[in-house]
Amino acid sequence: MKEIVKVGLLGLGTVGGGVYKIIRNHQEELCHRIGSGIEIKKILIKNEDKKREVDSRLLTKNSDDVLADPDIDIVIEVMGGIEESKRYILEALRQKKHVITANKDLMALYGSELHAFALENGCDLFYEASVGGGIPIIRSLVDGLASDRINKLVGIVNGTTNFILTKMTKEGADYNSVLKEAQRLGFAESDPSGDVEGLDAARKMVILSQLGFHMRFNLSDVYVEGITKIKPEDIDYAAQLGYTIKLVGIAQRDQGEVEISVQPALLPNEHPLASVNNEYNAVYIYGDAIGETMFYGPGAGQFPTATSVVSDLVAVARNMHLGINGQHTVLPHYETHLKKEETIFSKFFLRFHVKDQAGAFSQITALFAENGISLEKLIQEPIGIEGLAEVVIITHRTNRASYTRLISQLNDLDIVDCLEASYRVEGE
Ligand code: HSE
């Protein structure tokens, strides 16, 4: 058994700095849990001029100092990006080094390929920090819930959008002003598109869905809508009707077929996910045996994310001592079957402006009836524009194909002035 497990770090940004500090400050606990010491031997950096609280002898700009050093057992990739990190991870695995990554973009795009290559080389590839920062959700799916059959995962897996929506809900502010404030406070990036358009959440849902349903999914399998079009009026009407709007990822399996989506959705106020606020994340799981369970915590940040990375380090080091690395197979083993629009069911929230004239409503209800969609809740109010009224409807459960047809037919009606908003209703 090795007395000291040697680690190479690729990247020393926010998360890398956190990993360095946890390994240094928690050395005693880590030794007890692993049965040996842990030492960071080299750290690959890009910018030499940056001031760092790290022993400068550990730093290098040459990736070979990490990847080709036979003394290094485990490589931790915390540099982000896709192509370069993928190249480094493949090289580390080729050199029979175990790999830990926090890179959700990479794992969502190339997870299956990297897993296969890790197995081929007898190496571990762990990525707990890639989803839900400090929430041990991957380990919970792989180990904690290994005995169950998971039918559905609903996740608030993007902190930036949850922060923005929480502020919009609590302060009644509009999207653009809250986004600016979030950028000022450092909760949103200067280019926030990956977060606010739903792509970041979609990548995380690909990872969770693969682990939950044991099938292989691509990003293109995910239906994605972001939060940029949400208006304070939508949030107000949702509140009047007893709901909170959240950006949720939904992955659901029925009779062997799966749907994955990321979109703003109305959650009943009493649903546990409705009170997950600010930058926090949560994943709500429905299993055959467990029933319903929720995992909650910080979705990002230096130490939460670094905690997950170092927990992977403990797992890999323990596997090294037991001689069982590379046997931890989580490769998908079912053929992928995706649902069609006709078999994706939910309720919907719909807000539109209609000409306030006799017979208008009968034309609207006729279209709902024609498409077999029943109304559950209805509000009609004047909106202060001469001759127009605002209509808000929550439907009963229907399939997405009928709903999409209804929307297009409503848009074609002369008496419908403008379709303002349409969201899924979830969690009932
Ligand atoms: N941009 C991500 C978020 C960070 O807002 O949740 C963690 O992946």
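All heavy atoms count here, side chains included; hydrogens, waters and symmetry mates do not. Predicted model, so just to flag it, every value in this text is computed and none were measured. Read the numbers this way: they start at 1 and go in the same order the structure lists the ligands and their atoms.
Annotation: ligand 1 has protein neighbours Lys104, Asn158, Gly159, Thr160, Asp195, Asp200, Lys204, Gly299, Ala300, each with a heavy atom less than 4.0 angstrom from the ligand.
When only modelled atom types and interatomic distance are considered, Glu84 and Tyr88 share a side-chain donor-acceptor pair under 3.5 Å. A donor atom on one side chain and an acceptor atom on the other are not found under 3.5 Å apart for Lys167 and Asn277. Checked by atom type, the side-chain pair Asp191/Ser193 shows a donor-acceptor distance below 3.5 Å.
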Next item on the list: Take Lys41 and Leu58 through the side-chain contact (heavy atoms from CB on, under 4.5 Å) test and state the conclusion after the steps.
Entry: CA-CA 6 Å; Lys41 185 159 181 221; Leu58 297 181; 5.9 Å; no
Review item, side-chain donor-acceptor pairs of residues 282-291, under 3.5 Å, at least two apart:
| unit_1 | atom_1 | unit_2 | atom_2 | d |
| --- | --- | --- | --- | --- |
| Tyr284 | OH | Glu292 | OE1 | 2.5 |
| Asp288 | OD1 | Asn151 | ND2 | 2.9 |
| Asp288 | OD2 | Arg149 | NH1 | 3.0 |

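Taking a cutoff of 4.0 Å between a charged side-chain nitrogen and a carboxylate oxygen, Glu376 and Lys347 qualify as a salt bridge.
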